[in-house]
Amino acid sequence: MTSLFEYAPAPESRSIVDIRPSYGLFVDGEFTDGTGTPLKTVNAATEEVLSEVATGSDADVDRAVRAARRAFVKVWGPMRPADRGKYLFRIARLLQERAREFAVLETLDNGKPIRESRDVDVPLAAAHFFYHAGWADKLEHAGLGPAPRPLGVAGQVIPWNFPLLMLAWKIAPALATGNTVVLKPAETTPLTALLFAEICQQADLPPGVVNIVTGAGETGRAVISHPDVDKVAFTGSTEVGRAIARAVAGTEKRLTLELGGKAANIVFDDAPIDQAVEGIVRGIFFNQGHVCCAGSRLLVQESVHDAVVAALQRRIGTLRVGDPMDKNTDLGAINSAEQLARIRELTAFGETEGATCWQPDGDLPDRGFWFKPTVFTDVSPAHRIARDEVFGPVLSVLTFRTPDEAVAKANNTTYGLSAGIWSEKGSRILKVTDQLRAGVVWANTFNEFDPTSPFGGYKQSGYGREGGRQGLAAYLRSDS
């Protein structure tokens with residue numbers, strides 16, 4: 001992309017991580033062969049095959065669940081909560097000690113810029129383990145009912161956009177509350193989950209407390225539908241979330257779903273434009289837009305529309321798209337060929353329906369899966385790009401005249417995961433926030449996360465919360 005400055009390449013070395021030619025499943029504290037057809041995991045930036053990964057069959061999942069149940073009954077459940085907390089603290093410290101290794105592997109396997117893996121994903125993953133370690137012996141003081149106790153075995157399925165971070169969001173609260181885990185990572189990004197299995201061994205975590213079963217959709221279905229799983233936690237698409245809700249209905253399994261989003265990022269006429277533009281860029285282009293709470297709908301007050309769009313285009317023109325291992329890169333590769341095809345399909349609909357498409361000048365690499373940062377103007381709420389989750393670096397710009405119209409347009413979606421407001425008036429921010437049907441609302445910032453703060457949505461964005469004191473409730477039962 002064009003830039004005011006020319007940056008010399010600053011590549012991170014991949015030699016710090018040793019990628020095995022093949023990986024098995026992690027069951028009962030040991031790596032073991034899977035009985036399904038192995039999958040290949042690919043570097044999205046180069047299309048290079050990184051490794052071959054085992055696929056768990058129904059029998060493999062059953063073996064993992066039995067190991068988790070055995071560990072829950074004999075070791076982890078009866079263990080003193082303070083001792084469970086010590087294991088979580090140990091895992092958190094090991095994640096910090098091996099942070100560079102995890103960051104490099106995450107970037108190679110996912111396609112996101114190394115700067116994001118290094119500065120966001122890995123530190124936040126460690127922070128979740130530190131935070132939940134502190135709760136392990138304080139659950140009776142969390143206000144979650146008398147005598148809170150674990151549910152048992154948690155079956156967890158995570159997506160490909162934040163592989164390590166989503167693992168931490170799921171495993172940390174489950175272990176802190178005394179549950180054991182069978183986790184299924186995404187088929188395109190399993191490597192950091194398998195490296196985390198080595199952390200479990202290094203921390204001397206009792207066998208069976210954490211089990212990682214790799215594979216595709218069938219493996220995930222086996223985990224969720226297993227009759228001895230007490231709790232299901234899923235992050236992913238709304239379509240799959242609906243199917244999981246149907247499968248769990250009528251059983252005694254507890255369920256939390258964190259699904260899709262189509263967040264509104266609202267810019268009022270009194271907002272500091274330069275600050276807002278930085279927040280807009282972070283809101284939609286962070287992690288190539290592979291973010292369920294991405295600010296993919298920009299609602300701009302009419303009087304400042306032209307100024308905001310012009311400033312936004314200037315800023316996008318300075319973004320660097322390319323090698324994710326380069327520390328100067330702002331946008332890395334799209335995670336897979338399938339996701340790239342989805343992004344292209346929806347952007348084609350945008351142009352067909354009459355919206356105006358803008359992209360910065362510049363060439364993309366010849367190999368790998370790439371898409372330029374894209375802005376659509378002249379968008380109406382009826383356009384598919386304003387309704388459907390693109391899950392890519394594509395921004396739709398709409399306008400409004402009054403705060404009431406902004407709220408109406410922001411809430412005009414089947415989703416309800418997040419939103420952003422940009423204004424210098426605190427009273428306006430508080431009033432509009434109260435009217436938005438979104439689980440998380442950021443004020444004069446976007447995509448800021450903290451393990452102490454609960455995250456989750458409304459409507460087709462799912463139900464339940466992850467993080468914070470509220471996130472513990474999903475893994476506990478009490479006498480109330």
Side-chain angles (χ1 to χ4, degrees), residues 11-26 31 33-34 36-56 101-118 121-122 157-167 183-198 212-220 235-237 240 287-291 321-326 329 331-345 364-372 390-393:
E12 173 64 277
S13 172
R14 61 181 290 175
S15 63
I16 191 171
V17 62
D18 181 21
I19 302 177
R20 304 178 192 174
S22 64
Y23 288 86
L25 314 176
F26 184 69
F31 284 96
D33 293 336
T37 304
L39 296 169
K40 288 181 170 57
T41 186
V42 173
N43 183 334
T46 64
E47 302 181 56
E48 161 203 3
V49 173
L50 294 171
S51 184
E52 186 174 84
V53 179
T55 293
E101 185 181 358
F102 271 95
V104 169
L105 187 59
E106 191 80 321
T107 288
L108 289 172
D109 201 27
N110 175 275
K112 66 177 62 189
I114 185 65
R115 197 171 62 203
E116 293 179 7
S117 299
R118 179 195 66 196
D121 294 44
V122 178
V157 178
I158 60 173
W160 47 260
N161 56 333
F162 291 95
L164 180 66
L165 185 55
M166 292 297 99
L167 175 150
L183 179 129
K184 204 288 286 186
E187 61 266 34
T188 62
T189 54
L191 295 186
T192 46
L194 295 167
L195 185 59
F196 179 82
E198 294 183 16
I212 296 173
V213 183
T214 50
E218 288 300 321
T219 306
T235 297
S237 72
V240 175
N287 198 32
Q288 295 76 252
H290 299 332
V291 185
V321 180
D323 181 8
M325 291 291 286
D326 191 326
T329 294
L331 272 78
I334 303 302
N335 179 255
S336 66
E338 292 77 12
Q339 185 59 29
L340 180 57
R342 164 77 175 171
I343 295 168
R344 286 173 173 168
E345 176 189 8
L364 295 174
D366 295 328
R367 289 186 60 79
F369 314 125
W370 305 92
F371 199 84
K372 290 183 179 182
V390 180
F391 220 63

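For the numbers below, each heavy atom of this structure counts, side chains included, while hydrogens, waters and symmetry mates do not.
E116 contributes a side-chain N or O that, together with a main-chain N or O of N287, makes up a donor-acceptor pair within less than 3.5 Å. Between the side chain of E106 and the backbone N or O of L164 there is at least one donor-acceptor pair closer than 3.5 Å. The backbone N or O of G332 sits less than 3.5 Å from a side-chain atom of Q288, completing a donor-acceptor pair. Under the 3.5 Å distance criterion, the side-chain polar atoms of T214 are matched with a main-chain donor or acceptor of A54. A donor-acceptor contact shorter than 3.5 Å links the side chain of T55 to the backbone of T37. Judged by distance alone, with hydrogens and angles left aside, the side-chain atoms of E47 form a donor-acceptor pair with the main-chain N or O of G368 at under 3.5 Å. T107 contributes a side-chain N or O that, together with a main-chain N or O of K112, makes up a donor-acceptor pair within less than 3.5 Å.
Contact of the D326 side chain with the I114 side chain is not registered, since no non-hydrogen atoms from C-beta on lie closer than 4.5 Å. Within the 4.5 Å cutoff, no side-chain heavy atoms of T188 are placed close to those of V42. Under the 4.5 Å side-chain criterion, counting only non-hydrogen atoms from C-beta, I334 is in contact with P393. Two residues are said to be in side-chain contact when any heavy atoms from C-beta on lie closer than 4.5 Å; I343 and V390 meet this criterion. Looking only at side-chain heavy atoms (C-beta outward), F31 and L194 come within less than 4.5 Å of each other.
The two atoms that bring I16 and S13 nearest to each other are CG2-O, 3.9 Å, heavy atoms only. Residues S51 and Y23 share a closest heavy-atom pair of OG-CD1, 3.2 Å. Heavy-atom minimum distance, N161 versus N110: O-ND2, 3.6 Å. The two residues A103 and S117 come nearest to each other via the heavy atoms O-CB, 3.5 Å. Of all the heavy atoms in A45 and W370, the pair that sits closest is O-CZ2, 3.7 Å. Closest approach of T219 to K184, counting heavy atoms only: CG2-CG, 3.8 Å.
In this structure, CG on L183 lies 5.0 Å from CG on L167, to the nearest 0.5 angstrom. How far CD1 of I212 is from CZ of F26: 6.5 Å, rounded to the nearest 0.5 Å. We find the CG-CG distance between L25 and D33 to be 8.0 Å, quoted to the nearest 0.5 Å. Atom CZ of F371 sits about 12.5 Å away from atom CZ of R342, to the nearest 0.5 Å.
Each of T192, L191, D109, L105 was compared with P163 under the side chain to side chain contact (heavy atoms under 4.5 Å, CB included) criterion, and only T192 meets it. A side chain to side chain contact (heavy atoms under 4.5 Å, CB included) with P190 holds for exactly one of L50, L39, T41; it is T41.
In this structure, F391 and H290 have parallel ring planes: the angle between them is below the 30° cut-off, well short of the 60° mark.
When the shell of 6.0 Å around CZ of R344 is examined, it contains 12 or fewer heavy atoms from other residues, nucleotides or ligands.
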Open item on the list: Run the side-chain contact (heavy atoms from CB on, under 4.5 Å) test on F162 and V291 for me, step by step, so that the C-alpha distance in whole Å, both residues' side-chain angles and the decisive distance to 0.1 Å come before the verdict.
Closed with: CA-CA 8 Å; F162 291 95; V291 185; 4.0 Å; yes
